[in-house]
> 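Sharing a structure, written as structure tokens. Questions coming.
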Amino acid sequence: MARKISLERRAEIGRERRLKTRAHILQIAFELLGREDGRAARIEEICVAAKVARGTFYNYFTSTEDMFRALTFEISHDFNSAVRSVIRRVPHGAISASFALRYYLHKTRDDPAWGWAMVNLSAGGPIFGEETMRYATECIIDGMATEQFSVASPEIGHDLMQGATLAGMITLLRGVQPHEFPEKLVAQIMRGLGVSPTLIERCVAPPLPDPFAFLAEHGMAAERPPIDMTTFLPDS
């Protein structure tokens, strides 16, 4: 029995060590990517900064892009969850989409390293990562289904919304902008999506609660039934 417990403990220590090493590599990658020229970071640079061998890197990630995908999820998932705890409790479509965009812009201004990392990680894959892309597409579908958005397709709506937000994040990172810049940009995005002036005011006027404090107090709202996306997709 003692030998069995010892072997189990060894396995547990091994798992903990692997998780710690993986987390360390991702932390170093975040530090390198959280700067304006961070997208140029190479595996060699990451390994040197993390003090791990190249072979060790490949024990955890199959490629730089694989590591970038993991890092995108690592630095966005908890924030996305906190934001969704808020936007699930506001009207779907324009308002929930606007709140999400405002949160991303404000976080970029408050945490430039996070902002640069998200910008750099978006350069080679889905803007803000696969999880955020899925949420953004859901928001566009909501807006089309409720006739708040007037766009030709979910893809066009997504590109307009996420592309303009990405550009706005870069603008915030490269220079001081007026305090109301995020709200003015989001209002312009909503106009581009065909949202009515009255509804736009409801999108950008309410103050945003701290998402993590909101999640801690209210918890995550229940998922709503998914919208039938086939209505908005081309016939195969």
Side-chain angles (χ1 to χ4, degrees), residues 2-87 100 103-138 162 165-166 169-170 172-173 210-216 219-220 223:
R3 178 174 174 77
K4 180 179 179 181
I5 293 173
S6 176
L7 290 174
E8 290 176 350
R9 179 56 185 154
R10 286 183 189 177
E12 182 181 352
I13 291 172
R15 288 191 295 270
E16 292 173 352
R17 186 172 297 161
R18 283 184 59 81
L19 288 174
K20 185 176 180 180
T21 301
R22 183 180 186 274
H24 175 63
I25 293 172
L26 289 175
Q27 177 60 38
I28 294 300
F30 171 72
E31 292 173 5
L32 293 174
L33 284 157
R35 59 191 189 187
E36 187 169 357
D37 62 348
R39 183 64 191 179
R42 298 173 294 114
I43 290 178
E44 290 78 7
E45 185 179 4
I46 294 168
C47 290
V48 168
K51 295 182 173 60
V52 298
R54 188 182 178 95
T56 301
F57 177 93
Y58 285 111
N59 285 335
Y60 297 91
F61 308 103
T62 59
S63 64
T64 307
E65 293 304 320
D66 181 41
M67 186 270 294
F68 284 169
R69 283 193 295 271
L71 180 59
T72 302
F73 181 84
E74 195 76 20
I75 68 174
S76 65
H77 177 69
D78 288 349
F79 181 64
N80 283 339
S81 295
V83 168
R84 283 172 69 78
S85 73
V86 177
I87 66 174
Y103 272 121
Y104 262 67
L105 291 165
H106 281 285
K107 183 167 179 61
T108 294
R109 181 159 57 190
D110 295 340
D111 187 352
W114 181 90
W116 274 123
M118 291 301 292
V119 167
N120 289 324
L121 288 164
S122 297
I127 295 177
F128 311 138
E130 295 174 357
E131 181 181 59
T132 306
M133 179 180 178
R134 184 172 69 254
Y135 295 153
T137 301
E138 289 175 0
Q162 298 297 85
T165 302
L166 179 64
M169 288 168 63
I170 295 173
L172 285 168
L173 290 164
D210 179 279
F212 290 102
F214 189 93
L215 176 61
M220 181 62 72
E223 288 278 6

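It should be emphasised that the depicted structure is a prediction, and the values quoted were computed from it without experimental measurement.
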> Is there a donor-acceptor pair closer than 3.5 Å between any side-chain N or O of D111 and the backbone N or O of K107?
no

> What's the separation between atom OG in S76 and atom CD in E130, rounded to the nearest 0.5 Å?
10.5 Å

> Taking all heavy atoms of G219 and all of S85, pick out the closest pair and write down the distance.
O-CB, 3.8 Å

> Might you work through the side-chain contact (heavy atoms from CB on, under 4.5 Å) test for I28 and E31, ending with a clear yes or no?
CA-CA 5 Å; I28 294 300; E31 292 173 5; 3.8 Å; yes

> For side-chain contact (heavy atoms from CB on, under 4.5 Å), just list the numbers for I43 and Y58, CA-CA rounded to whole Å, side-chain angles, deciding distance to a tenth of an Å, and then say yes or no.
CA-CA 10 Å; I43 290 178; Y58 285 111; 3.0 Å; yes

> Working note: V83 + Y135, criterion side-chain contact (heavy atoms from CB on, under 4.5 Å); need CA distance, chi angles, decisive distance, verdict.
CA-CA 11 Å; V83 168; Y135 295 153; over 6 Å; no

> How many angstroms lie between atom CZ of F30 and atom CD1 of I46, to the nearest 0.5 angstrom?
13.5 Å

> About how many Å separate CZ of R84 and CE of M220, when rounded to the nearest 0.5 Å?
7.0 Å

> Would you compute the distance between atom NZ of K51 and atom OG1 of T21 and round it to the nearest 0.5 angstrom?
14.0 Å

> Measuring from atom CD1 of I25 to atom OH of Y60, what distance do you get when rounded to the nearest 0.5 angstrom?
6.5 Å

> Please name the residue in the list L33, L121, T132 that meets the side chain to side chain contact (heavy atoms under 4.5 Å, CB included) test with T72.
L121

> Minimum heavy-atom separation for A53 to C47, with atom names?
O-SG, 4.0 Å

> Minimum heavy-atom separation for L32 to A41, with atom names?
CB-CB, 4.3 Å

> Suppose we screen for salt bridge (charged side-chain N to carboxylate O under 4.0 Å, His left out). Which residues come up paired with E131, at least two apart in sequence or across chains?
none

> When rounded to the nearest 0.5 angstrom, what distance separates CZ in R22 from CG in N59?
13.0 Å

> Report yes if some heavy atom in the side chain of M118 is under 4.5 Å from a heavy atom in the side chain of I75; otherwise report no.
yes

> Of all heavy-atom pairs between E74 and L26, which one has the smallest distance, and what is that distance?
OE1-CD1, 4.1 Å

> Got M67 and F57 here, is their nearest side-chain heavy-atom distance under 4.5 Å?
yes

> Which label fits F212 and F79: parallel for a plane angle under 30°, tilted from 30 to 60°, or perpendicular past 60°?
tilted

> Do T165 and F128 come within less than 4.5 Å of each other through their side chains, counting heavy atoms only?
yes

> Centres of the F61 and F68 rings: under 6.0 Å?
no

> So W114 and M169, do their side chains get closer than 4.5 Å, heavy atoms only?
yes

> Regarding R39 and E45, does a basic nitrogen lie under 4.0 Å from an acidic carboxylate oxygen?
no

